[in-house]
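Presented below is the structure to which this report refers.
Numbers here simply count residues along the sequence, with the first being 1.
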Amino acid sequence: MFRLGKLRITPGFLVLLAVSCLAGAGEVLPLVFLAAFLHELAHIAALAFAGSNVEGIYLTAFGAEIQADTRFLPYGKDILCTLAGPFANIFLGVILSRVSADYLFAGANLLQGIFNLLPLAGMDGARALHLAISWAVDPPAADRICRGVEIVCSVALLLISAYFVATGQAGGFLLFAA
């Protein structure tokens, strides 16, 4: 693991970067990384505004992870900090598509924002859903409900991907990604 202050870069991230380059993402990759950087920057800004300390930022094979002490944040502030990244990407994507001809960067932001709202483990959508249900009911109930939602969402994504691959509208990588 490489360390630079609070930033940690894992070997898995370097493998992800190499595979992306080998897969031909060279032109799009910098835009995707910039959208991801802006996404994480929005989380960090929201956490700082909420008074939470960022302890570390990890770049892994599964993306970026921010470790922050949110134990004492009220549910509402924690949800806002969680949704800050996706909302920043969606906002930028909409603005860029309206005022600029850079539709590739606008699309990268929109995709980043919408993808992170999915209620799947490790995504901002799953964390926000868990926090909202915990706030309304209690954490153990949120655990059970979120597991069910994640299973349904995972199966739906797998079936949709299988359909696109079977009909020749997408390559096998989509099925692998799902």
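- To the nearest 0.5 Å, the span separating NE2 on His43 from OG on Ser52 amounts to 12.5 Å.
- A heavy-atom distance below 4.5 Å is found between the side chains of Tyr163 and Gln169.
- Follow the hydrophobic side-chain contacts under 4.5 Å out from Phe91 and you never reach Phe105; the two are in separate clusters.
- Contact between Ser134 and Pro139 at its shortest, heavy atoms only, is OG-CA, 3.5 Å.
- The two atoms that bring Phe33 and Leu17 nearest to each other are CE1-CD1, 3.2 Å, heavy atoms only.
- Qualifying side chain to side chain contact (heavy atoms under 4.5 Å, CB included) partners for Ile114, counting only residues two or more places apart in sequence or in other chains: Ile90.
- The environment of Phe115 atom CZ is sparse: at most 12 non-hydrogen atoms of other residues, nucleotides or ligands sit within 6.0 angstrom.
- We find the CZ-CG distance between Arg127 and Leu83 to be 10.0 Å, quoted to the nearest 0.5 Å.
- For residues 54-69, the pairs satisfying side-chain hydrogen bond (donor to acceptor under 3.5 Å, both in side chains) are Asp69-Arg71, with sequence neighbours left out.
- Taking the side chain as every heavy atom from C-beta outward, Cys146 and Ile133 approach each other to under 4.5 Å.
- Closest of all the heavy-atom pairs between Ala42 and Ala88 is CB-CB, 3.5 Å.
- The distance from atom OG1 of Thr82 to atom CD1 of Ile66, rounded to the nearest 0.5 Å, is 10.0 Å.
- A donor-acceptor contact shorter than 3.5 Å links the side chain of Glu150 to the backbone of Ala121.
- The hydrophobic cluster containing Val152 does not contain Leu117, counting ILVMFWY residues as joined when their side-chain heavy atoms lie under 4.5 angstrom apart, directly or transitively.
- Using a 4.5 Å cut-off on side-chain heavy atoms (C-beta onward), His39 and Asn116 make contact.
- The hydrophobic clustering, which links ILVMFWY residues whose side-chain heavy atoms are closer than 4.5 Å, places Phe62 and Ile9 apart.
- If you take CD1 on Ile79 and CG on Leu131, they are separated by 5.5 Å, rounding to the nearest 0.5 Å.
- Across every non-hydrogen atom of Leu120 and Ser154, the tightest pair is CD2-OG, 3.4 Å.
- Two different hydrophobic clusters hold Leu129 and Leu73 under the rule that ILVMFWY side chains link at heavy-atom gaps under 4.5 Å.
- The side-chain heavy atoms of Asn109 and Leu34, taken from C-beta on, include no pair separated by under 4.5 Å.
- Taking both residues in full, the closest heavy atoms of Val137 and Ala141 are given as CG1-CB, 3.7 Å, listed atom of the first, atom of the second, then distance.
- Ile44 has its side chain within reach of Ile57: a pair of non-hydrogen atoms, C-beta onward, lies under 4.5 Å apart.
- Residues Leu14 and Phe2 have side chains in contact (heavy-atom distance under 4.5 Å, counting atoms from C-beta outward).
- Distance alone, capped at 3.5 Å, is enough to place a donor-acceptor pair between the Ser97 side chain and the Val94 backbone.
- For Tyr75, the OH atom sits in a packed shell: over 12 heavy atoms of surrounding residues, nucleotides or ligands are nearer than 6.0 Å.
- Hydrophobic clustering places Val32 together with Leu96 (ILVMFWY residues linked when any side-chain heavy atoms are closer than 4.5 Å, directly or through intermediates).
- Nearest heavy atoms, Gly113 versus Pro86: O-CB, 3.5 Å.
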